[in-house]
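First comes the structure, then the notes that go with it.
Because only heavy atoms are used, hydrogens play no part in the values below, and waters and symmetry mates are left out as well, while side chains stay in. Order of the sequence lines sets the chain letters (A, B, ...), proteins ahead of strands, with each chain counted from 1. If you're wondering where the values come from, they're calculated on a predicted model, not measured in any experiment.
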Protein chains: 2
Amino acid sequence: MSDGGGSEGLLFLTDEQLRKGIEAMFFAYRGFTADPDRILADHAYGRAHHRAVHFINRSPGTTVNNLLSILGVTKQSLNRVLRTLIEDGLVESRVGTADRRERHLFLTEAGAALEQTLSDAQRDRMRAAYRAAGPEAVVGFRRVLEAMMDPDLKAHYASLKERAT
Amino acid sequence: MSDGGGSEGLLFLTDEQLRKGIEAMFFAYRGFTADPDRILADHAYGRAHHRAVHFINRSPGTTVNNLLSILGVTKQSLNRVLRTLIEDGLVESRVGTADRRERHLFLTEAGAALEQTLSDAQRDRMRAAYRAAGPEAVVGFRRVLEAMMDPDLKAHYASLKERAT
DNA sequence: CTTGGAATGTCAACAAGGCTGACGTATTGT
DNA sequence: ACAATACGTCAGCCTTGTTGACATTCCAAG
């Protein structure tokens with residue numbers, strides 16, 4: 001009874017358990033980004049480019065504003081990244097048809113190729129972790145992560161899921 | 001059979017499942033850091049200070065070199081953070097007794113207080129997520145995260161666990 | 001048709017926090 | 001005596017985030 005968990009079966013809510021969870025998130029996130037980061041360094045891109053390319057691939061034709069709220073950065077910050085991607089021919093920006101103020105974003109072939117390379121690397125790591133942990137662990141993993149999200153971000157996350165094939 | 005999982009019970013290794021896991025990590029990590037970030041902003045500190053304070057609290061008397069390998073940054077980068085923490089009286093640096101080249105790092109009372117404030121906030125979020133997901137999900141969560149770590153980082157993670165009371 | 005507001009783009013300036021490279025200084029071990 | 005180690009520091013650079021100000025374009029309401 002050294003840690004004041006208290007009653008019945010709530011030992012998993014101990015401060016120690018929570019600290020370990022926090023540290024697990026920290027170290028795991030490092031591993032999570034390590035492989036793409038290495039690839040991006042070769043292309044003179046950063047994590048911000050990766051994120052943009054990922055979500056454009058995930059929701060082709062998304063508007064700048066939508067991407068902004070998903071990524072949670074300012075338009076100036078995103079614009080800098082987006083501009084280089086467009087200049088380099090990885091992303092195409094098409095004027096909206098219904099509302100011509102909006103720009104709809106698409107990956108070019110080259111952009112899709114980079115996305116593929118990056119997500120291959122990241123999925124390989126994820127696949128290895130999933131395989132090592134087993135299907136039941138994966139369910140728990142996702143359940144905890146989803147409970148950890150801010151509600152508005154969780155909405156974005158869920159709408160991405162719906163769009164899945 | 002919309003997603004081409006293929007054989008038996010490996011549907012959790014589908015590309016779609018893996019992509020969702022990747023996005024879950026991204027959105028959850030945002031939530032994970034959101035609360036401490038807000039607090040840190042009031043103190044004119046950043047995430048780097050949080051990390052330093054966290055691991056010094058976790059391993060009191062740790063050396064600069066050890067902290068360096070845990071955090072995975074350069075000494076210049078860590079030094080900038082550490083210097084401000086020492087100047088502000090949150091961290092104390094004591095010359096080593098066995099090896100006087102080493103500096104051993106400790107939190108002062110003020111440092112411990114800040115650490116407490118930060119980790120309270122972060123643990124609250126973690127506790128809510130754990131409680132919502134349930135004990136079995138927590139086991140799976142930890143299992144997947146541990147499998148996702150780079151081996152050397154996992155060693156650091158494990159040695160922190162051992163030191164737990 | 002004019003005007004207000006929304007969506008976007010752009011310029012400028014700045015800060016945090018990474019990085020490399022070089023150098024200095026104790027201190028320790030060979 | 002000398003090399004290696006642990007640490008600190010200066011200088012400069014990059015990415016990626018921030019604010020603030022301002023122009024443009026377009027839709028929609030009056």
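The residue His49(B) sits close only to the backbone: its heavy atoms come under 4.0 Å of sugar-phosphate atoms, none of a base. Residue contacts shown for Arg80(B) include a base, since a base heavy atom lies under 4.0 Å away.
Distance check: Asp37(A) CG to Phe32(A) CZ gives 10.5 Å after rounding to the nearest 0.5 Å. To the nearest 0.5 angstrom, Ile22(B) atom CD1 is 11.5 Å from Gln17(B) atom CD.
Side-chain contact between His156(A) and Asn66(A): present, with at least one pair of heavy atoms (C-beta onward) separated by less than 4.5 Å.
Rounded to an integer number of Å, the gap from Arg30(A) CZ to dG18(C) C1' is 12 Å. Spacing between atom CG of Leu68(B) and atom P of dG18(C) amounts to 11 Å, rounded to whole angstrom units. Look at CG on Asn79(A): it is 16 Å from C1' on dT15(D), rounded to the nearest Å.
Of the candidate nucleotides dC10(D), dC7(D), dT18(D), dT18(D) has the atom nearest to the side chain of Val73(A). Of the candidates dC7(D), dA7(C), dG18(C), dA7(C) carries the atom nearest the Asn65(A) side chain, counting heavy atoms from C-beta on.
The shortest distance between the side-chain N/O atoms of Arg51(B) and the OP1/OP2 oxygens of dG18(C) is below 4.0 Å. Listed pair Arg83(B) / dT9(D) meets the phosphate criterion, a side-chain N or O lying under 4.0 Å from OP1 or OP2. Contact annotation: Ser77(A) side-chain N/O to dT16(D) OP1/OP2 distance is not under 4.0 Å.
Looking at Thr108(A), its side chain does come within 3.5 Å of a backbone N or O of Gly111(A) through a donor-acceptor pair.
A cation-pi arrangement is present between Arg94(A) and Phe106(A) under the rule of less than 6.0 angstrom and at most 45 degrees off the ring axis.
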Original post:
After noting the C-alpha distance and the side-chain angles of Asp150(B) and Arg30(A), does the key distance pass the salt bridge (charged side-chain N to carboxylate O under 4.0 Å, His left out) rule?
Top reply: CA-CA 8 Å; Asp150(B) 272 340; Arg30(A) 291 262 299 278; over 6 Å; no
**OP:** Heavy atoms under 4.0 Å is the rule here; annotate nucleotides 21-30 of chain C 5' to 3' with B where the base is hit, S where only the sugar-phosphate is, and - elsewhere.
**Re:** BB---BBS--
